[in-house]
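All remarks here apply to the structure that follows.
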Amino acid sequence: MAMALKAVHVCDVPNLDQVPENAALALCSTRFRAGVNDDKICECNIPKFLVVGHRGNGMNMLQSPDPRMKSIKENSILSFNEAAKFPIDFIEFDVQVTKDDYPVIYHDNFILHEEKGAIVENRVTELALAEFLSYGPQKHPGSEGKPLYRKTKDGRFFEWKVEKDAPLCTLEEAFHNVDQSVGFNVELKFDDFIVYKEEELTRILKAILKVVFENAKGRQILFSSFQPDAARLIRKLQSTYPVYFLTNGGSEIYTDVRRNSLEEAIKLSLENGLQGIVSEVKAVFRNPGAVGRIKESKLSLMTYGQLNNVPEVVYMQHLMGVEGVIVDLVKEISESVSDLTHSKEGEEKSLYGEEDGKKEVKAKPQFSKDELSFLLKLIPELMIQA
């Protein structure tokens, strides 16, 4: 099958904040394993090449000149349902547990508001649920919440203003109010600078699992975490849903060596029966040989990062054997990563066509030599800029 490629030139995405809205490509989809060496667990029946909406319809970057990065409040019911309108498989969101044991959806470790002209920071996990929900827009008409602020990595503060604002929410509310067709990639969020005791991790994870088991019903679920012991324990506490270890693959160095490379991620995953790894995309391009080692280990591999907002980068990962991407530009990437089964009306529902009792693999889309050459030059330049 031929492919039409709309090139995204390096000069068009100077800070990876802006990607041409009409960039398009098509990818194919197969099926991939549900678990590792365990036929009776984690039977998720999910597509091989996953598209996952980051914090719903994409994270908010308040300092970005791109209006798409501050269109809808991230990690909100509104954002989740907006993402579900597009052909995606999962939405990803961050779950923390309040001091009164309610799992809530929020990315940052601290929640910020202004008080008497100064920015006040409160740790999310040290708030009771009622206080957490008192920030931002309120559900009840006439009620006014505390305006939210956000701190960037370089220390600047921004009032959290987006085109379509929405209230904060709990994990339980997400189960009740988000389109059932979309799966949940539940990131178990912990502070990188805190050393957690196993008892504390277990208490937090059990609070999350209680909500999941009571409300998931038929919804597809993936767990993931940057915290190695949280990933290990959530796998130990349940065998219903797959668990992926999140890693930046060595982009930053931590005192916990398990977080510092794809090799360590493979080791952790195999030792603890995890189903896969979610790596920062640049780590995969810097160490492409790790993809083969991950596949040989019967682990699934997905990626995250701003480079995943560039369609050509997504396609190169597909060729390398990566099985899914977490993206911010949900509309653009999900529509470009369309199943061959949906590429034209009347085509078979499965990637595999049955003929004379044998499986016949449908042809995959191909790049021309010139297009592949362009991609191989484009990606290293984008990595330097990122």
Side-chain angles (χ1 to χ4, degrees), residues 8 10-23 51-83 86 88 90-96 105-114 119 121 124 135-137 147-169 185 187 189 192 226 246 248 251-252 278-283 303-311 313-314 325-336 381-386:
V8 181
V10 176
C11 61
D12 291 331
V13 283
N15 297 305
L16 294 179
D17 286 337
Q18 293 177 299
V19 178
E21 296 188 33
N22 60 346
V51 178
V52 182
H54 188 210
R55 305 183 201 172
N57 200 48
M59 70 173 177
N60 295 151
M61 292 182 65
L62 303 178
Q63 72 276 25
S64 171
D66 189 337
R68 290 175 292 179
M69 304 303 290
K70 42 197 171 185
S71 172
I72 303 174
K73 177 67 107 358
E74 69 175 41
N75 278 337
S76 67
I77 302 294
L78 181 64
S79 184
F80 300 154
N81 281 322
E82 182 65 23
F86 302 104
I88 65 170
F90 284 78
I91 52 170
E92 179 270 354
F93 51 74
D94 311 273
V95 174
Q96 304 183 57
I105 298 177
Y106 198 77
H107 175 269
D108 302 352
N109 295 317
F110 293 88
I111 196 164
L112 280 59
H113 73 283
E114 186 178 21
I119 300 296
E121 302 185 13
V124 171
Y135 291 87
L148 285 168
Y149 283 75
R150 202 161 203 190
K151 187 177 182 179
T152 59
K153 289 184 178 181
D154 60 7
R156 291 179 293 163
F157 293 98
F158 289 85
E159 187 172 357
W160 202 330
K161 289 184 176 181
V162 292
E163 184 182 341
K164 297 179 182 178
D165 213 342
L168 302 179
C169 67
N185 173 189
E187 182 184 334
K189 185 77 177 179
D192 291 339
F226 284 102
L246 275 159
N248 63 27
S251 299
E252 296 177 55
V278 183
S279 171
E280 212 285 332
V281 59
K282 288 183 287 184
T303 66
Y304 72 92
Q306 289 187 50
L307 278 174
N308 281 350
N309 294 323
V310 181
V313 173
V314 171
V325 289
I326 299 174
V327 305
D328 294 302
L329 301 184
V330 172
K331 179 181 185 295
E332 292 81 350
I333 300 300
S334 66
E335 291 180 351
S336 67
E381 292 187 56
L382 285 174
M383 288 175 62
I384 292 170
Q385 291 186 7

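This one's a predicted model, so the numbers in the text were calculated from it and none came from an experiment.
- Closest of all the heavy-atom pairs between Lys73 and Val162 is N-CG2, 3.7 Å.
- A donor-acceptor contact closer than 3.5 angstrom is absent between the side chains of Asp66 and Ser64.
- A distance of 10.0 Å separates CD in Gln63 from NZ in Lys153, rounded to the nearest 0.5 Å.
- Every residue meeting the side chain to side chain contact (heavy atoms under 4.5 Å, CB included) condition with Glu74, not counting sequence neighbours, appears here in chain and number order: Arg55, Met59, Asn60, His107, Arg150, Trp160.
- Taking both residues in full, the closest heavy atoms of Ile111 and Leu168 are given as CD1-CD1, 3.9 Å, listed atom of the first, atom of the second, then distance.
- Between atom CG of residue Asn75 and atom CG of residue Asp108 there is a gap of 9.0 Å, rounded to the nearest 0.5 Å.
- Ring orientation note: the planes of Phe93 and Phe80 are tilted relative to one another, at an angle of 30° to 60°.
- Annotation: the span from Asn309 atom CG to Asp328 atom CG amounts to 4.5 Å, rounded to 0.5 Å.
- Take Tyr149 and apply the ring pair (Phe, Tyr, Trp, His ring centres under 6.0 Å) test, not counting sequence neighbours, and it matches no residue.
- Annotation: side chain of Asp165 is not in contact with side chain of Glu163 (no heavy-atom distance under 4.5 Å).
- When every heavy atom of Asn308 is checked against every heavy atom of Val314, the shortest pair comes out as O-CG2, 3.4 Å.
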Would Val51 and Phe86 count as a side-chain contact (heavy atoms from CB on, under 4.5 Å) here? Give the steps.
CA-CA 10 Å; Val51 178; Phe86 302 104; over 6 Å; no
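- Expressed to the nearest 0.5 Å, how far CD1 of Ile326 lies from CZ of Phe90 amounts to 10.5 Å.
- To the nearest 0.5 angstrom, His54 atom NE2 is 9.5 Å from Asn185 atom CG.
- Between Val330 and Gly58, the shortest heavy-atom distance links the atoms CG2-N, 4.3 Å.
- What you find for Ile333 and Val327 is that their closest heavy atoms are CG2-CG1, 3.8 Å.
- Rounding to the nearest 0.5 Å places CD of Glu159 at 4.5 Å from NZ of Lys161.
- A donor-acceptor contact shorter than 3.5 Å is absent between the side chain of Ser79 and the backbone of Ile72.
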May I have the step-by-step check of side-chain contact (heavy atoms from CB on, under 4.5 Å) for Val95 and Lys189, ending in yes or no?
CA-CA 6 Å; Val95 174; Lys189 185 77 177 179; 6.0 Å; no
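- For the pair Arg68 and Leu329, the tightest heavy-atom approach, listed with the atom from each and the gap, is NH1-CD1, 3.9 Å.
- Ring centroid separation for the pair Tyr135 and His113 comes in under the 6.0 Å cut-off.
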